[in-house]
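Proteins get letters first, then strands, A, B, ... in listed order; numbering begins at 1 in each.
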Amino acid sequence: DVKVTQSSRYLVKRTGEKVFLECVQDMDHENMFWYRQDPGLGLRLIYFSYDVKMKEKGDIPEGYSVSREKKERFSLILESASTNQTSMYLCASSFPGTYQPQHFGDGTRLSIL
Amino acid sequence: RKEVEQDPGPFNVPEGATVAFNCTYSNSASQSFFWYRQDCRKEPKLLMSVYSSGNEDGRFTAQLNRASQYISLLIRDSKLSDSATYLCVVNNYGGATNKLIFGTGTLLAVQP
């Protein structure tokens, strides 16, 4: 069974802090993704990676960066957290290929005060 | 126009009812299609892929109409446990990167 693990279920941080969200998958998937989900807006792609040290911007990359030093781990970094980054953050992974579904971690609910 | 559009609902149905959701997509070159299920405050989980010829998994049937650019999900004999948000998902990109586009979801509430 696919396992995608996010480091925290709930996280509270302060404005201006640097925040790290970690994601680890155990299925040897090449592709990894970070989304945020907000009411009425659905899932929006922040960044994705299709290989170690490779990264591509998604639809809303501003204010975020990512790191993929190992195949199984994909980190999302909020460089200077702001209140509009309060959201549910979801990590996903998949094999490459058009017909491959993505598998999600159970999410991190991040609050920026 | 959104790339993937769904009726947000809620759909309130009694147990045992049959319910159908539709989803439309704007890109005629879309490559692959999925339905995901998301329970309240949980992560999305793959329900089923949608194949060109249509496919069935127990009480769930998915259909694809490329000419009209819509996807449907039919749930027969609804159970209380089917209550969730159903996300329509489309892959427009093909290739290795496998970027998906998610609809905002249709909320289903099955009543006892």
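- Residue-environment remark: CZ (B/R76) exceeds the threshold of 12 foreign heavy atoms within 6.0 Å.
- At a heavy-atom cut-off of under 4.5 Å, chain B is reached by no residue from residues 64-78 of chain A.
- Residues of residues 100-112 of chain B lying under 4.5 angstrom from chain A, judged on non-hydrogen atoms, are B/L100, B/F102, B/T104 in numerical order.
- Note: A/R109 leads A/M88, A/H103, A/R109, A/E30 in heavy-atom pairs under 4.5 Å with chain B.
- For A/F104, the parts lying near chain B are the backbone and the side chain together; criterion is any non-hydrogen pair under 4.5 Å.
- Both B/I71 and B/F60 belong to a single network of hydrophobic side chains, linked directly or stepwise wherever heavy atoms of I, L, V, M, F, W or Y lie under 4.5 Å apart.
- Linking ILVMFWY residues whenever their side-chain heavy atoms come closer than 4.5 Å, directly or via other members, places B/V13 and B/L80 in the same cluster.
- Put simply, B/V89 and A/L90 are part of the same group of oily side chains (I, L, V, M, F, W, Y) that touch within less than 4.5 Å, one to the next.
- Smallest separation of non-hydrogen atoms from A/Y99 and B/Q31: CE2-O, 3.6 Å.
- The interface of residues 33-53 of chain B with chain A, defined by heavy-atom distances below 4.5 Å, comprises B/F34, B/Y36, B/Q38, B/R41, B/E43, B/P44, B/L46.
- The same ILVMFWY cluster, assembled from side-chain heavy atoms under 4.5 Å apart, contains both B/L73 and B/V19.
- Tracing side-chain contacts under 4.5 Å through hydrophobic residues (I, L, V, M, F, W, Y), one reaches A/L110 starting from A/I46; they form part of the same cluster.
- Of all residues in residues 32-44 of chain A, those placing a non-hydrogen atom less than 4.5 angstrom from a non-hydrogen atom of chain B are A/F33, A/Y35, A/Q37, A/G40, A/L41, A/G42, A/L43.
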